[in-house]
Amino acid sequence: GAVVSQHPSRVICKSGTSVKIECRSLDFQATTMFWYRQFPKQSLMLMATSNEGSKATYEQGVEKDKFLINHASLTLSTLTVTSAHPEDSSFYICSASRGQPNSPLHFGNGTRLTVT
Amino acid sequence: QKEVEQNSGPLSVPEGAIASLNCTYSDRGSQSFFWYRQYSGKSPELIMSIYSNGDKEDGRFTAQLNKASQYVSLLIRDSQPSDSATYLCAVNGGGSNYKLTFGKGTLLTVNP
């Protein structure tokens, strides 16, 4: 099956610093990747759609200057949380599509971010 | 706006029973449907996909789709405590847009 690797799995950072999260598709090329955020006991919230070679599409209410997304290759998308604050502490999950019509999304293992 | 609705639960069933999870969607043009399982603190994992009306069985899991009623369900036979998780229904509108619309999930608890 498809494998999506996400790194790091857990990160603790100080308020004001930036954190980069990587998402890689290991056995397929992903023209489109998606970034989600999930707070405890809440549902998945789509943050943005990452498109290889073009700008990401952000969902309403998500600050594009705070959550920088780069999709420089067909197998790698990165999410950088800039100037992190405690309220950014959350579970960040990436997912990728094989790019075939009606194909499912495959999720990475997620990154638990704690901002102190 | 495309919507996917699930009963948030919690749904509690005894071990060995059948768990029935339901989902309705608003976009009549939706073409593909997925069930994901999410354990607490983990990311979602795909357990079933269904594309045409009727039933699709995979081990203890059966997905059912009724496009006329805009309804998709997941049955888990012989429920085990390890099935305790949140089950997410996801719908794809088709075409070149790979974005899935997720329901909020149903929390299932299987009691030993």
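As the structure is a computational prediction, the values presented were derived from the model and not from experiment.
Distance CG/Leu46(B) to CZ/Phe107(A): 9.0 Å, rounded to 0.5 Å. Expressed to the nearest 0.5 Å, how far CG of Asn92(B) lies from OG of Ser103(A) amounts to 7.5 Å. Of the inter-residue distances, the one linking Thr101(B) atom OG1 with Leu44(A) atom CG reads 12.0 Å to the nearest 0.5 angstrom. Here CG of Leu88(B) is found 8.5 Å from OG of Ser43(A). Values are rounded to the nearest 0.5 Å. Of the inter-residue distances, the one linking Met45(A) atom CE with Phe102(B) atom CZ reads 13.5 Å to the nearest 0.5 angstrom.
Using a 4.5 Å cut-off between heavy atoms, Thr31(A) touches chain B through its side chain atoms alone. Proximity to chain A is limited to the side chain of Tyr51(B), based on heavy atoms less than 4.5 angstrom apart. Contacts between Gln38(B) and chain A at a heavy-atom distance below 4.5 Å involve the side chain alone, from C-beta outward. In this structure, chain B has a heavy atom under 4.5 Å from the side chain of Gln38(A), while its backbone stays farther away. For Leu107(B), no part sits under 4.5 Å from any heavy atom of chain A, backbone or side chain. Both the backbone and the side chain of Leu105(A) come within contact range of chain B, each with at least one heavy atom under 4.5 Å from a heavy atom of that chain. Interface residue Lys104(B): backbone and side-chain heavy atoms are both found under 4.5 Å from chain A.
When atom types are taken as modelled, the side chain of Ser43(B) and the backbone of Gly108(A) share a donor-acceptor pair closer than 3.5 angstrom.
Annotation: Lys64(A), atom NZ; neighbour count of heavy atoms from other residues, nucleotides and ligands within 6.0 Å does not exceed 12. By the neighbour-count criterion of 12 heavy atoms within 6.0 Å, atom NZ of Lys20(A) is sparsely surrounded, having that number or fewer from other residues, nucleotides or ligands. More than 12 non-hydrogen atoms from other residues, nucleotides or ligands lie less than 6.0 angstrom from CG of Asn22(B).
Here the closest heavy-atom approach between residue Phe91(A) and residue Gly41(B) is recorded as CZ-O, 3.8 Å.
A continuous path of ILVMFWY side-chain contacts below 4.5 Å connects Val4(B) to Leu11(B), so both sit in one hydrophobic cluster. Under the 4.5 Å side-chain contact rule for hydrophobic residues, Ile93(A) and Phe34(A) share a cluster. Residues Tyr92(A) and Val11(A) fall within the same hydrophobic cluster, defined by Ile, Leu, Val, Met, Phe, Trp and Tyr side chains chained together at heavy-atom separations under 4.5 Å. Connection of Leu65(B) to Val91(B) is established within a shared hydrophobic cluster, with ILVMFWY side chains joined at heavy-atom distances below 4.5 Å, either directly or through further cluster members. Taken together through direct or relayed side-chain contacts under 4.5 Å among Ile, Leu, Val, Met, Phe, Trp and Tyr, Trp35(B) and Tyr25(B) form part of one hydrophobic cluster.
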Working note: Lys99(B) + Thr49(A), criterion side chain to side chain contact (heavy atoms under 4.5 Å, CB included); need CA distance, chi angles, decisive distance, verdict. CA-CA 8 Å; Lys99(B) 188 161 86 172; Thr49(A) 302; 4.2 Å; yes

